[in-house]
Amino acid sequence: MNKKIIIRTLEKIALYMELQAENPFKVSAFRKAAAALEADERSLSEIDDITAIKGIGKGTAAVILELMETGVSSTLKELEKMVPKGLIPLMKLPGLGGKKLAKLYQELNIVDTDSLKAACEAGRVRELAGFAAKTEEKILKELETFGSRKERLPIWQLEPAVLEINELLASLPEVEKFSVAGSFRRVAETSKDIDFIVATSDYEIVREAILTRLVILETIAAGDTKVSVILDRDEPVSVDFRLVKSEEYATALHHFTGSKDHNVRMRQLAKSMGKKISEYGVEQEDGSIVTFETEEQFFAHFDLPFIPPTVRESGKELDRLDELDHLVNLEDIVSDLHMHTTWSDGAHSVSEMGQALIAKGYTHAVITDHSQYLKVANGLTPERLQQQKLDIYAFNETNPDFCLYHGTEMDILPDGTLDFDDEVLKELDFVIASIHSSFTQSQDKIMARLKTAVEHPYVHMIAHPTGRIVGERGGYEPDVPLLIEWAAQHGKILELNANPYRLDLCIEHLQLAMEHNVPIAINTDAHAIDQLRFMEIGVKYAQKAWLKKELIVNTWSKEQFEAFITKNK
DNA sequence: GCCGTTTTCGGCCCGACTGTTTTCAGTCG
């Protein structure tokens, strides 16, 4: 029996129970059991006493054991008999939860979207106690777009919306402090919505600014302290604003940054100390409320160091406090090793990129334009590469405190050969190899291509090793664990591409790379100056994998970096 | 249904908003 199937079954049981209007604590007990099983790293066969896991007791263990022995759950089967399947997806309809759906089913025999729509249109829903005309209208309206709207949006689709809101809030004098919160702040690959915490003493003006100055498709809620809207963008984006007093800001930001599991763990810790955490402060044993200037102070109140949002996930981060010092921060980054200029498909010149990098406070960087094979990107021939070198050296001469290295992002061709000869490569300071073509080749062929590159003495790094696009496509699906092994053998760098479209390597692979001591470069792959900002996303993503900063090439000094790039020359 | 040095019953994180009510239930995060 597959552990995943057991987890899903427990979750399904919870869902069905919810639709039976079962005791909510019982429902959450099944969800907690599923989560506990998922959080346990052991495989099923390695667990001898399942009830020893916190959150799994007699009842849920019985379900698990039955599944392991027979492959089915009689509990779920019973529930399926009592609850029509068509009701399950309706749980996702905003405004409808288990209790309301149970009522609709019991009183009006509503079993799916069609019967729900019919009942609304016939005006029968409004006759139920607890429902009225407004609810009926709302359900009908939601049914129109039901199923067509994406449930989660990838980070690259949300980021521009976050920037736009940042700009609006920064422009309001009534706003004292603000920050994005939620899973976006934790740099999740996808998020259901965007959360913002805004400190102000002038709720009304801020609320009006939000409602009038953003392009809004729909206003879900507009209360005193909470404003919920759907922005009118290519994909509609849900945004929640929490308006709080300045002194509540730190606790509110912590609360709405989550994750849920992190908050639960924090609240349990608080409780064990006789305190109570709410989004507005920490209630002490004597009933007084303590508030904080910053999240740092909030954590310090519980004798904890600052835990970065990115690692606030399972709650287990509270058991890894001694590793926090090794996490990389944006201040540790002194270089960016992958970017493009007008020589290929970039928007800015060598000199413009160089100035922008200096403004970032970096000590060095590498210009890595595309190679000749990539004609759509105006890839460089060996001749143009020669000319570019002069351009880069000229920049260095006028900016002696900074070093711009001359590199390339060379294509690994579909036939497995490299786009430049050794004579060309050995003249370059830094050589990136990457795949931009024939994604659909077999894994063997893809791996053979990567192997050529990894083994080549002049290649320093493999860029965006999977070619995935977050939330869109999987990429060329290489055997990443094998690639990591090769990189370890040959002393090559693997890239964490900081562009939110890409973010490969993914967290799981970054962890594996760290176990093998493979150096990781966090690079923006910028095609324009403003994309240099992606470094922050990359750094935070690396934190999520608990990547040690010592292993991150961009934290190395110029001397360390030079020692690395010259070792095979 | 799960848990427990406040321990075998009673609480389970906590609070805002909406829509229904006329003091609150349900939903949501």
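Only heavy atoms go into these numbers, but all of them, side chains included; no hydrogens, no water, no symmetry mates. Every chain is numbered from 1, with letters handed out A, B, ... down the list of sequences. Keep in mind that this is a model prediction, so the values were computed, not measured.
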Original post:
Hey, does A/Ala33 reach any base, or is it just sugar-phosphate, or nothing, if we go heavy atoms under 4.0 Å?
Top reply: nothing
Subject >> Interatomic distance, A/Tyr280 OH vs B/dG15 C1' [rounded to whole Å] >> reply: 6 Å
Original post:
Using 4.0 Å as the upper bound for N to carboxylate O, is an ion pair formed by A/Arg207 and A/Asp224?
Top reply: yes
Original post:
Which word best sums up how the rings of A/Phe241 and A/Phe196 line up, parallel for under 30°, tilted for 30 to 60°, or perpendicular for over 60°?
Top reply: parallel
**OP:** Report yes if a side-chain nitrogen or oxygen of A/Ser228 is closer than 4.0 Å to either non-bridging phosphate oxygen (OP1 or OP2) of B/dC17; otherwise report no.
**Re:** no
Original post:
Stem ranges for DNA chain B, with three or more consecutive Watson-Crick or G-U pairs under 3.5 Å?
Top reply: B:1-4 with B:9-12, B:14-19 with B:24-29
Original post:
Just to confirm, is there a sub-4.0 Å distance from OP1 or OP2 of B/dC17 to any side-chain nitrogen or oxygen of A/Thr225?
Top reply: yes
Subject >> For DNA chain B, the residues among residues 285-306 of chain A that have a non-hydrogen atom under 4.0 Å from it >> reply: none
Subject >> Those residues of residues 112-123 of chain A lying under 4.0 Å from DNA chain B by at least one heavy atom >> reply: none
Original post:
Within the structure shown, what part of the strands sits under 4.0 Å from A/Ile53 by heavy-atom distance: base, sugar-phosphate, or nothing?
Top reply: sugar-phosphate
Subject >> Which nucleotide in B/dG4, B/dC2, B/dT20 has an atom nearest any side-chain atom of A/Ala29 >> reply: B/dC2
Original post:
Between A/Ala133 and A/Asn263, which has a closest nucleotide on DNA chain B that is more 5'?
Top reply: A/Asn263
**OP:** Summarise how protein sits on nucleotides 21-29 of chain B as a single string, 5' to 3': B when a protein heavy atom is under 4.0 Å from the base, S for sugar-phosphate-only contact, - for no contact.
**Re:** -----SSSS
Original post:
Taking for each residue the nucleotide of DNA chain B with the nearest heavy atom, is it A/Gly223 or A/Val264 whose nucleotide lies nearer the 5' end?
Top reply: A/Val264
Subject >> For A/Arg502, all residues meeting salt bridge (Lys or Arg N to Asp or Glu O under 4.0 Å), sequence neighbours excluded >> reply: A/Asp525
**OP:** Please list all pairs passing the salt bridge (charged side-chain N to carboxylate O under 4.0 Å, His left out) test where one or both residues lie in residues 134-148 of chain A, with sequence neighbours left out.
**Re:** A/Arg126-A/Glu136, A/Lys141-A/Glu218
Subject >> Salt-bridge present (A/Arg185, A/Glu295; N to O < 4.0 Å) >> reply: yes
Original post:
For residues A/Glu247 and A/Thr291, is any side-chain donor paired with an opposing acceptor at under 3.5 Å?
Top reply: no
**OP:** Name the orientation class of the two ring planes belonging to A/His254 and A/Phe298 (parallel below 30°, tilted from 30 to 60°, perpendicular beyond 60°).
**Re:** tilted
